[in-house]
Amino acid sequence: MSENVVHLHKATDPPTADTAPTVLTVVPDPAPAAPVPLWVRSGRAVKSAVTHESTRATVRAAARHGLYTFNGGRIVARRAWDGRTGARYERMIRAAEAAGNLEAAEEWEERLQRFRAARHHRRMDLLHSPVDAAKGVAVGAGMSIGVLVALGVVMAISTGHAGDVITPLSATVDFIALLIRIVQVVWGPALSIGPFLALLALWSVGRKQHAAPNWALPANVRSGEGEPITPSIVVKALRDLGVPALARAIKEMGDAGASMLGPITIAGCGVEVDVTLPSGVATNEVQSKRRKLAENLTRHEHEVFITIPQAARTVRLWVADSGALDEPIGPSPLATDDTMTADYKSGKAPWGQDLRGDAAALSLYQRHLLITGLSNQGKTAALRALALWACLDRRVEFRVADLKGAGDWAMFDGLATVLIQGPADEQVIEATEMVEGLVEEMNRRIEIRRRDPGAVFAPLIGIVDEAQVAFMCPVKDEDGRPYGGSKAISRYFMAVRKVHNQGRVVDVLLWEGTQDPTDQNLPKLVREGAHTRASLALGTESQARMALGDKAVDGGAAPHLLRQGLDKGTLVVASDGIEIPAGQASITVRTHYINDEQATAITDRAKALRDGVTTLHAIDRGEERDPLADIATVLGNDTRVRTQEVISRLAALNADAYAGWSFIDLKRVLDAAGAEPYKSDGRMVVGRDRVARALADRDNEGSASAE
């Protein structure tokens with residue numbers, strides 16, 4: 001029985017330490033632990049020794065250097081075999097046949113025939129070479145002896161000693177004997193050292209070719225960080241892609257698999273190469289293996305882009321330099337060039353850079369625009385950058401609805417004729433009416449164009465940022481029509497569709513930015529009505545197809561493979577307004593970032609180009625005056641007055657209340673009162689009788705409610 005130890009403790013209750021009694025507590029010692037068996041300790045020691053990093057490094061080093069030597073021997077033997085036989089030519093013939101290039105196959109076959117003919121001549125010459133060699137040796141020896149004897153005769157005549165005749169000959173014999181003695185001395189060590197030198201040579205060949213498994217290679221070689229892209233690396237990456245038909249074809253080609261590759265050219269911060277796939281391999285089989293291909297090329301997935309050019313059975317690979325896509329691309333020319341101007345019709349907005357490093361500029365002329373992506377990926381910044389360029393053309397009018405309401409478009413106050421900011425249902429209603437106002441203006445311009453085909457209009461661009469808020473709005477108007485939704489009764493949806501259908505021809509355009517596209521917050525008919533479609537990072541391929549369309553995604557567009565949070569501002573664009581490489585359906589653009597301070601400076605320059613714009617803030621409009629009564633006042637005794645004239649009279653009546661009014665505001669008041677504007681002689685007018693009747697009805701309703 002083990003000894004017990006007596007410990008002294010003080011009671012903690014009551015809390016007064018002075019009066020607490022001392023308590024003796026007997027605490028037994030814990031039972032001693034059972035001894036660990038020897039076999040367990042030995043197993044642990046062996047396991048620790050085996051798994052220790054130094055042991056693993058030693059094993060890797062031994063395997064690596066051993067395989068360097070073995071595989072180096074294989075490489076040398078293969079080279080020797082290729083040099084002595086027509087194996088190289090046969091591989092090239094098979095490669096050309098696999099690629100479907102019959103002309104190249106015939107050319108290599110002719111080279112093979114010439115090689116075989118030359119080899120046959122060399123072998124036939126060997127049959128006569130011993131006799132020829134013997135004759136040559138005899139003639140050479142005889143001539144040499146004759147020269148030496150002649151030299152001895154000259155020496156004997158010069159010295160007067162007859163024995164000098166054989167002096168050159170004896171010296172030559174002595175020199176040959178010395179060489180034989182040197183060879184005898186060196187031969188033994190050479191035989192001993194020779195095999196080691198041969199192994200060292202084989203090891204050197206294997207080391208240069210990294211002829212060992214990846215796990216055995218050094219860490220710096222195994223990571224391959226920054227490894228340049230060469231034809232052999234591309235061929236190996238394709239061979240190990242996991243496509244059986246492709247692997248078999250490359251195996252049959254041997255090292256000549258590089259014949260599948262076009263020239264590897266420098267393209268911006270990376271390289272580009274076209275790969276002609278062998279028969280039986282589809283381009284989508286390579287596209288679907290993007291991550292594995294990138295890892296085989298020692299790159300991250302986002303550093304490899306696969307597109308489909310026009311050539312059949314061809315994929316175009318763009319491989320970035322390691323880490324290059326994480327570097328910023330520099331400021332926008334809009335922020336650095338204070339003298340830059342814009343031309344909506346013939347100019348292009350400087351948007352950023354493509355993957356080649358070339359400037360990417362977008363034409364906005366008569367093109368509806370849709371930009372989508374996940375939240376906080378730079379959608380508003382990309383959309384605003386285009387508007388900041390367009391505002392430098394003084395002819396362009398903007399009407400902006402920012403349904404986020406975070407102040408991203410605040411600098412357009414005093415530049416846009418309408419600026420709505422806020423995410424509430426009230427702002428959605430106002431944004432809907434703003435788009436409906438675009439429809440009204442579009443119809444007016446179409447009517448003018450019908451009468452005057454040569455009429456030219458100033459560009460009118462409506463911008464709705466966070467448009468998904470409008471599509472998802474559940475509010476209904478007085479007639480029960482929903483503002484949101486994707487049905488024919490949806491006011492916002494139908495207004496957008498009308499602008500998409502006919503607005504382009506009279507320069508009434510709509511730009512939308514929306515998050516996380518689905519069929520609910522971005523209906524199919526709306527997204528397909530945009531001429532320029534761009535997408536930032538998305539979550540799934542199905543969303544990418546919604547954003548850009550099936551053609552672009554099937555052609556290699558992959559915004560769903562962009563890194564959320566890391567590839568901010570990187571867009572995949574499908575549009576005829578931007579220069580896209582031939583055969584591709586989209587282009588990837590890294591956009592310039594323009595911060596709020598720079599954006600304000602640009603809009604200040606744009607405001608200086610204009611005579612002055614009064615911005616209507618629909619949400620801030622006061623109700624101190626009675627708009628319907630004021631409309632009746634300015635109509636006076638006129639039976640009907642054009643809407644624009646009514647707006648001018650209202651501004652003259654009270655500039656503070658009506659100076660910023662547009663047709664949208666006038667129509668809102670009249671529609672609510674039941675005195676809607678109507679067409680007369682092809683122009684929208686306001687009828688005096690309708691307004692008077694609406695006032696009378698309102699007064700009667702007020703009297704009835706008072707009673």
Side-chain angles (χ1 to χ4, degrees), residues 57-91 114-156 158-159 161-213 216-218 221 232 254-255:
T58 303
V59 172
R60 281 199 299 267
R64 177 169 66 251
H65 294 296
L67 290 170
Y68 279 168
T69 305
F70 175 75
N71 290 326
R74 293 179 57 191
I75 293 171
V76 170
R78 180 66 174 272
R79 291 174 179 174
W81 177 258
D82 287 345
R84 300 295 299 174
T85 67
R88 178 186 293 110
Y89 300 94
E90 292 175 357
R91 285 201 305 273
R114 290 196 296 269
F115 169 79
R116 287 174 175 172
R119 184 179 61 183
H120 175 72
H121 287 303
R122 289 194 301 270
R123 289 176 176 175
M124 294 302 296
D125 290 342
L126 289 176
L127 297 177
H128 307 286
S129 59
V131 176
D132 295 338
K135 291 179 180 179
V137 170
V139 172
M143 292 179 64
S144 299
I145 293 173
V147 171
L148 292 173
V149 171
L151 181 61
V153 170
V154 172
M155 291 179 62
S158 175
T159 60
H161 294 86
D164 287 341
V165 174
I166 63 171
T167 297
L169 187 60
S170 63
T172 302
V173 173
D174 292 341
F175 177 72
I176 294 173
L178 176 62
L179 292 178
I180 293 173
R181 285 195 294 274
I182 292 174
V183 171
Q184 288 175 343
V185 173
V186 175
W187 185 253
L191 289 177
S192 302
I193 299 174
F196 294 101
L197 294 177
L199 290 175
L200 180 61
L202 298 178
W203 174 86
S204 178
V205 172
R207 178 176 174 273
K208 289 181 179 179
Q209 297 292 327
H210 300 308
L217 294 175
V221 177
S232 61
D255 291 341

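Note that the structure is a prediction, hence the values are computed from the model and not measured.
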(request) Identify, with sequence neighbours excluded, every residue that meets salt bridge (charged side-chain N to carboxylate O under 4.0 Å, His left out) alongside R116. (result) E90

(message) Working to the nearest 0.5 angstrom, can you tell me the gap between I180 CD1 and F175 CZ?
(response) 11.0 Å

(request) Identify, with sequence neighbours excluded, every residue that meets ring-ring contact (aromatic ring centres under 6.0 Å, His included) alongside F115. (result) Y89

(request) List in chain and number order the residues that pass side chain to side chain donor-acceptor pair (under 3.5 Å) with T58, two or more places apart in sequence or in another chain; answer none if no residue qualifies. (result) none

(request) Please check if atom CZ in R119 has more than 12 non-hydrogen atoms from other residues, nucleotides or ligands closer than 6.0 Å. (result) yes

